[in-house]
Number of protein chains: 2
Amino acid sequence: MLLDMRDYYTPGEVAERFALTLDTLRYYEKAGLLRRVERSPSGHRRYRTDDVELLHLVRCLRDTDMPIARLRDFAELVRAGDHTVPDRVEVLQGHQRRLDERIAELRDRQAVIQHKIDYYLGVLAERTPEPVEETI
Amino acid sequence: MLLDMRDYYTPGEVAERFALTLDTLRYYEKAGLLRRVERSPSGHRRYRTDDVELLHLVRCLRDTDMPIARLRDFAELVRAGDHTVPDRVEVLQGHQRRLDERIAELRDRQAVIQHKIDYYLGVLAERTPEPVEETI
DNA sequence: ATGGGACCTGGAGTGCGCTCCAGGTCAAGG
DNA sequence: CCTTGACCTGGAGCGCACTCCAGGTCCCAT
C-alpha cells in the first residue's frame, strides 16, 4: 500500500483543499500573495508545505476581508526573512483589532434590525388580535 | 426662536446624517432602494420622514453587506403595502441569520490568526532568550 | 446684476477581486 | 496512435457598488 510521500501538492489538490479555483490560485501568485511557486519539468506548479501553510493564512485573511494589497505586503514580509517577524505580528494584530471592530459593528447593526423586526411583529400581533390562549 | 418645523429634509442634510454622498443617495434612489423622492418646485429633492426612516434601515443593511439587489426587493415589499409585512420580517430574519453565521465565521478565522500570532511571538521569545525576571 | 452654493441630469469611469477564454503542452491509459 | 484530463499562458471580461463629471438651474445675499 505505497504511502504517497510526495513533498508537494498539485494545483488541483490545493485548490480543492482551500475551496479556491485554479484561476484564483494563479491570480494570488501573480498578485504576489505567494512566492513564485516551483514547477515540475513539464511546467506544472508544485506547491510545497510552505506554500500551503501561507495559503492557509492567506485564506483566513481574505475570508476576513483583508484587501489583496495588504496581503501582498504581508507576503513580502514573509519573503524578506525572519527579521520581519515583529512586523508580521503587527500586521496581524492590526487585523485582529479591525475584526473586533467589525464584529462589534455587525452586532450593533443587528440590534437595529432586530428592533425593526420586533416592530413589524408588533404590527402583525395587533392586526390579528388573537385572544391570549390561557392554560386552565 | 422660530423652531424649524419643516416636514422634509434636504439632500445635503440626509447625506450628512447617514454619511453618504449625494451621488450615493441618488444612486440608491435610481436603484429602487427608496421610492421616487418628492421634489421642490425647483426640482430639488425633499426627503420625508418616511424616506429617512427607510434610509436608516437601508444603511444598516448595507453596512452589514446586504447586496443592493436584495435591498431593492425589500424596498419593493415596503412600497407594495402593509400586507407584505410578513415577507419583510422573513427577509430581515434571514439577514440576521446570515449575520450570525458571518460573525461566527469571523470569530473562527480570528482564532486561526491568533494561533499564528502566538506562534510568531513564541519564535520571538526564543530568539531573545530574556531571563525570566523573578520577584524576590 | 453678480457671485456662490446647493442641487439637478445622464452617462462615463473606477477599483476590486476575481473569472473566463483561446489556444497550447504534457503524461498516462486503452 | 489517440484521446483524455490536468495543467499552462496572456489577456480580456465581469459584477458590484459606487464615484465622478460636464453642463445646467435656481435662489439668495452682497
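Numbers restart at 1 for each chain; the letters A, B, ... are given by sequence-line order, proteins then strands.
Within 4.0 Å (heavy atoms only), A:Pro41 reaches no atom of the nucleic acid at all. Counting non-hydrogen atoms under 4.0 angstrom, A:Thr10 reaches the backbone sugars and phosphates but no base. Residue B:Arg62 is in sugar-phosphate contact alone, with no base atom involved, counting any heavy-atom pair closer than 4.0 Å across all strands shown.
Taking OH of B:Tyr28 as the start and CG of B:Leu71 as the end, the distance is 7.5 Å to the nearest 0.5 Å. To the nearest 0.5 Å, the span separating CD on B:Gln96 from CD1 on A:Ile117 amounts to 4.5 Å.
The base of D:dC18 lies outside donor-acceptor range of the side chain of B:Asp23, with no N or O pair under 3.5 Å.
Spacing between atom CG of B:Asp65 and atom P of D:dC16 amounts to 14 Å, rounded to whole angstrom units. Atom CG of B:Leu33 and atom P of D:dC18 are 9 Å apart (whole Å). The NE2-P distance, from A:His44 to C:dG24, rounds to 16 Å in whole Å. For the pair A:Tyr47 OH and D:dC8 C1', the interatomic distance rounds to 11 Å; values are reported in whole Å. For the pair A:Arg59 CZ and C:dG17 P, the interatomic distance rounds to 14 Å; values are reported in whole Å. One interatomic measurement links the two molecules: CZ of B:Arg72 to C1' of D:dC16, which rounds to 12 Å at whole-angstrom precision. Taking atom CD of residue A:Glu38 and atom P of nucleotide D:dC7, one finds them 16 Å apart after rounding to whole Å. Computed from coordinates, the A:Glu16 CD to D:dC7 P distance equals 11 Å when rounded to whole Å.
Taking the side chain of B:Arg26 as heavy atoms from C-beta on, and the options C:dT9, D:dC18, C:dC18, the nearest nucleotide is C:dT9. Each of D:dA17, C:dC8, D:dC7 was ranked by its minimum atom distance to the side chain of B:Arg39; first place goes to C:dC8. Side chain of B:Ile68, nearest nucleotide from D:dC18, D:dC26, C:dT19: D:dC18. Taking the side chain of A:Arg36 as heavy atoms from C-beta on, and the options D:dA17, D:dC8, D:dT9, the nearest nucleotide is D:dT9. Side chain of B:Lys30, nearest nucleotide from C:dC18, C:dG11, C:dA27: C:dG11. Considering only the side chain of A:Ser42, C:dC26 comes nearest among D:dC7, C:dC26, C:dC18.
Listed pair B:Tyr28 / D:dC18 meets the phosphate criterion, a side-chain N or O lying under 4.0 Å from OP1 or OP2. Using a 4.0 Å cut-off, no side-chain N or O of B:Thr21 falls inside it from OP1 or OP2 of D:dC18. Taking side-chain N and O atoms only, B:Arg45 has a distance below 4.0 Å to OP1 or OP2 of C:dT9. Residue B:Thr24 places at least one side-chain N or O under 4.0 Å from the OP1 or OP2 atom of D:dT19.
Taking 4.5 Å as the limit, every side-chain heavy atom of B:Glu53 sits out of range of all side-chain heavy atoms of B:His56.
In terms of heavy-atom proximity, B:Pro67 sits nearest to B:Arg62 at CA-NH1, 4.1 Å.
Mapping A:Ala69 and B:Glu13 onto DNA chain C by nearest heavy atom places B:Glu13 closer to the 5' end of the strand.
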Show which side-chain atoms of residues 74-86 of chain A pair as donor or acceptor with protein atoms under 3.5 Å away, not counting sequence neighbours.
unit_1  : atom_1 : unit_2  : atom_2 : d
A:Arg79 : NH2    : A:Gly32 : O      : 2.2
A:Thr84 : OG1    : A:Leu77 : O      : 2.7
A:Thr84 : OG1    : A:Gly81 : O      : 2.8
A:Thr84 : OG1    : A:Arg88 : NE     : 2.9
A:Thr84 : OG1    : A:Arg88 : NH2    : 3.2

**Test side chain to side chain donor-acceptor pair (under 3.5 Å) applied to B:Thr10 and B:His44, step by step** = CA-CA 8 Å; B:Thr10 66; B:His44 290 201; over 6 Å; no

